[in-house]
Amino acid sequence: SPELAEFLGMMLGDGCLCSAFQAALYFNTETDALYADYMEALAHKLFGIAPRRLTEPDSKGGSLLFSSKRLVDHLIQIGFGRGDKVRTQAGVPSWILENRDYCRDCLRGLMDTDGSVYSYQHRVYGHTYTHIALCFTNRSRPLLQFVEEVLASNNYHPTKTGFHVSLYRRRDVDRYFSDI
């Protein structure tokens with residue numbers, strides 16, 4: 001489903017399988033509290049389970065902890081792998097890659113967890129210009145390639161440098177937020 005593709009994007013961005021019995025999604029308690037509510041509601045809708053919300057004392061770190069062997073087994077069955085996503089160079093499962101709409105849904109989950117919006121300045125002929133950019137950062141090359149290809153196939157103009165895929169054109173950034 002579109003929701004499952006988005007959830008898998010979230011997991012590929014900020015999630016992990018902690019053990020054979022637990023999965024987790026991580027978030028910043030100051031900046032992502034509303035998004036954590038959304039992730040929790042989506043998980044409840046998809047799987048019928050409510051995670052425990054945990055926060056780290058004296059930290060901005062929070063997590064949604066799902067204690068369910070059935071959920072862990074299901075995530076593995078649909079293509080979410082065990083282990084460190086960078087070390088294993090995690091990628092997007094084939095059932096998502098085969099469906100253009102699911103690719104966009106997965107992209108939304110990835111961008112919401114590992115993406116950022118920022119302003120940057122540059123100077124041209126003595127004039128300073130300020131622009132806005134959307135940037136996805138990850139150390140998994142398959143995920144970087146996926147983001148770049150999905151953006152390009154949807155008529156955006158991504159720029160890939162190192163571990164970042166960015167949209168610098170204002171109309172691309174605006175369209176991303178209205179379309180995806």
Side-chain angles (χ1 to χ4, degrees), residues 2-16 23-43 56 59-64 79-81 83-93 96-97 99-125 127-180:
E3 293 87 0
L4 186 58
E6 181 179 5
F7 186 82
L8 216 54
M10 293 172 184
M11 289 294 294
L12 286 165
D14 281 345
C16 75
L25 274 167
Y26 298 97
F27 61 95
N28 180 307
T29 58
E30 288 184 4
T31 59
D32 299 331
L34 292 175
Y35 189 63
D37 293 342
Y38 175 75
M39 291 189 296
E40 185 173 347
L42 182 59
E56 297 291 325
S59 166
K60 298 176 188 175
S63 62
L64 299 176
F80 186 78
D84 183 281
K85 294 176 291 207
V86 174
R87 207 172 307 129
T88 63
Q89 288 296 290
V92 175
I96 293 175
L97 296 173
N99 183 306
R100 180 178 167 93
D101 292 333
Y102 290 173
C103 284
R104 290 167 52 100
D105 297 319
C106 185
L107 173 66
R108 183 182 321 108
L110 277 166
M111 198 65 85
D112 284 349
T113 53
D114 281 352
S116 61
V117 177
Y118 65 95
S119 65
Y120 67 97
Q121 294 182 338
H122 66 261
R123 293 181 60 83
V124 177
Y125 300 115
H127 292 90
T128 301
Y129 298 91
T130 302
H131 299 278
I132 194 163
L134 178 65
C135 180
F136 173 77
T137 303
N138 200 290
R139 296 214 173 243
S140 169
R141 284 180 176 78
L143 291 179
L144 290 166
Q145 181 179 349
F146 170 79
V147 169
E148 182 181 26
E149 289 175 0
V150 172
L151 288 170
S153 71
N154 283 276
N155 299 315
Y156 293 93
H157 304 88
T159 301
K160 184 172 174 264
T161 53
F163 299 108
H164 312 282
V165 176
S166 301
L167 294 177
Y168 291 110
R169 296 182 182 188
R170 179 63 189 242
R171 65 182 169 270
D172 279 355
V173 174
D174 290 344
R175 189 165 64 87
Y176 176 88
F177 282 107
S178 67
D179 291 353
I180 296 181

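When reading the values below, keep in mind they use all heavy atoms of this one structure, side chains included, and skip hydrogens, waters and symmetry mates.
- One distance of note links CG of L143 with CG of L110; it measures 5.5 Å at 0.5 Å rounding.
- Considering only heavy atoms from C-beta on, D179 comes within 4.5 Å of R104 through its side chain.
- Residues E6 and Y102 form no side-chain contact, since every pair of their non-hydrogen atoms from C-beta on lies 4.5 Å or further apart.
- At distances below 3.5 Å, at least one donor-acceptor pair connects side-chain atoms of Q89 with backbone N or O atoms of R139.
- Shortest non-hydrogen contact noted between I96 and C106 is CG2-CB, 3.8 Å.
- Side chain of N154 to backbone of Y156: no donor-acceptor contact under 3.5 angstrom is found.
- Note on D105 versus R108: salt bridge recorded, some NZ/NE/NH1/NH2 to OD/OE distance being below 4.0 Å.
- Residue M11 comes nearest to A23 through the heavy atom pair CE-CB, 4.2 Å, listed as atom of the first residue, atom of the second, then distance.
- The closest side-chain heavy-atom distance from L12 to F146 is not below 4.5 Å.
- Taking the six-membered ring where the residue is Trp, Y120 and Y118 present tilted rings, their angle falling between 30° and 60°.
- Checking side-chain atoms of H164 against main-chain N and O of G162 turns up no donor-acceptor pair under 3.5 Å.
- Each of Q121, H122, R123 was scored for a side-chain hydrogen bond (donor to acceptor under 3.5 Å, both in side chains) with T128, with one residue passing: R123.
- Residues L144 and F163 are in side-chain contact: their nearest non-hydrogen atoms beyond the backbone lie under 4.5 Å apart.
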Practice item. Go through the steps for Y176 and L151 under the test side-chain contact (heavy atoms from CB on, under 4.5 Å), then give the verdict. Key: CA-CA 9 Å; Y176 176 88; L151 288 170; 4.2 Å; yes
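- Annotation for A33 and T29: closest pair CB-O, 3.7 Å, computed over non-hydrogen atoms.
- Minimum heavy-atom separation, G91 to P142: CA-CB, 3.9 Å.
- Expressed to the nearest 0.5 Å, how far CZ of F136 lies from CG of L167 amounts to 12.0 Å.
- Contact check for E148 versus P158: side-chain heavy atoms found under the 4.5 Å cut-off.
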